[in-house]
Amino acid sequence: MAGPILGIIAAMVRIDFNRLRFLVIEDNAHMRRILRTLLYGFGTREVYEAEDGAAGLEAFVHYVPDIVITDWAMPIFDGMELTQMIRQPGANANPYVPIIMLTGHSEKRRVISARDAGVTEFLAKPISAKSLYQRILNIVINPRPFIKSKNYFGPDRRRNTNVNYTGPERRKSNAEIIEQHPLLEKMKA
Amino acid sequence: MAESKHEKPGITKYADHDVIVVPNRLKKKALRRAAMNEPDPLTDAERALDELSAQFGSWMEDEFRELEEARQSVHQQGLTDVTRQALFRTAHDLKGHGTTFGYPMVADVADSLCRVIEHTADAARIPLTFIDQCVDAIRAIIREHDIENAEEVAAELARELRVLTEELLGIDPNPDDPVDIGPPLAPV
């Protein structure tokens, strides 16, 4: 989503964070504290926490959060593996749950790996109140459809339809490209 | 956002994939129009973070202690898979948290250390002196954080270690043009 548009939207709306339940999975106690502080600062009342991927999966099944925020590098299994376990259609209560991947890895190939695991939003450290809020706002306002194929289950990896794209069409049919309505129109709806 | 009995995702099937449109329950549940003159939702969160920031100095010292322990293990046991991963993990935490905690040059030096650990295929070729230089630099930056002109010295230190990193990895130092320098060794 383009930053200026998100800024306009952000000024027009508010998220009632007290109606959302978060699960934070992060092995570093300091970063958990920062995330908890920010989420409570936004107005959230329900923040559940886990220190590793295994405990995170258990908490996910138990608490059924609205939004998951997970670190990448963690003991037992990492944020990528956790995402792949959550993105199993039929295996849990909500395989569509929005997942924000929080990490110090900001290289392009890392972002692509996270995207291919089914991550919804990618949040590179250092984090700020604004960057976290923007990701959550994008999730609430602008969810993408899910794609289920032989090799992938997760949010549509095509965020935008590029009218100037001249390369080969890799999907077997063009018909599945869902028109993405401008954000302002979505808001009005 | 558990799946509701009343709102099933819409599924459209195609030759090699399905497109699933999931009802946007979060929007219905939690989004509303802002009231006139309603305060910025970020204000309280930023204020809370600012209050928390009084603890960032001691948090930085906590995280450095773990890096120091990881360095000691490398010196005692050599660069094994276990000690290398521990060193990477602690350096990676500092890289990720340094700027948030108000120590951006710690993040910069930790990034250099992470890059060398991650992109040197043969652990035996990682110079212990380079590890020591990075760890000592991080310690100095944290220790001298509140001293006048410390930022300039820290920036120069970080720059020198970045240049050394590029030399060790055998690539042209050009901070404006980051390059992919090979397959990753995923951290555990």
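What you are looking at is a predicted structure, and each value in this text was computed from that prediction instead of being measured. In the text below, chain A, chain B and the rest are named by the order of the sequence lines, each starting its count at 1.
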Mind jotting down which residue pairs meet the ring-ring contact (aromatic ring centres under 6.0 Å, His included) criterion with at least one end in residues 21-48 of chain B? Sequence neighbours excluded, please.
none
Taking atom CD of A:E58 as the centre, does the number of heavy atoms from other residues, nucleotides or ligands within less than 6.0 Å exceed 12?
no
Identify which part of B:L49 has an atom lying under 4.5 Å from any heavy atom of chain A, answering side chain, backbone, both or neither.
both
Heavy-atom pair count under 4.5 Å with chain A, highest-scoring of B:A48, B:P41, B:G10:
B:P41
Check the orientation of B:Y14 and B:H17. Use parallel for under 30°, tilted for 30 to 60°, and perpendicular for over 60°.
parallel
Sequence neighbours left out, what passes side chain to side chain donor-acceptor pair (under 3.5 Å) with B:R47? Give chain and number order.
B:D44
Interface residues of residues 38-52 of chain A facing chain B - non-hydrogen atoms under 4.5 Å apart:
A:L38, A:G41, A:F42
Would you say the ring centers of A:F22 and A:Y63 fall short of 6.0 Å from each other?
no
Considering only heavy atoms, which portion of B:Q55 lies under 4.5 Å from any heavy atom of chain A: side chain, backbone, both, or neither?
side chain
For A:H62, is the NE2 atom crowded, meaning more than 12 foreign heavy atoms sit under 6.0 Å from it?
no
Heavy-atom donor-acceptor pair, B:D18 side chain to B:I20 backbone, under 3.5 Å:
no
Residues A:K150, B:D16: salt bridge by 4.0 Å N-O rule
no
Taking only Lys NZ, Arg NE, NH1 and NH2, and the carboxylate oxygens of Asp or Glu, determine whether B:R71 and B:D136 approach each other closer than 4.0 Å.
yes
Check whether B:D111 gets within reach of chain A through its side chain, its backbone, both or neither, counting any heavy atom under 4.5 Å.
neither
Test: B:E68 and B:R65 ion pair at under 4.0 Å
no
Give me the contact list for residues 24-37 of chain A versus chain B, heavy atoms only, anything under 4.5 Å, ordered by residue number.
A:N28, A:H30, A:M31, A:R33, A:I34, A:T37
Does this structure show an ion pair linking B:R84 with B:D81, if we count only N-O contacts that are shorter than 4.0 Å?
no
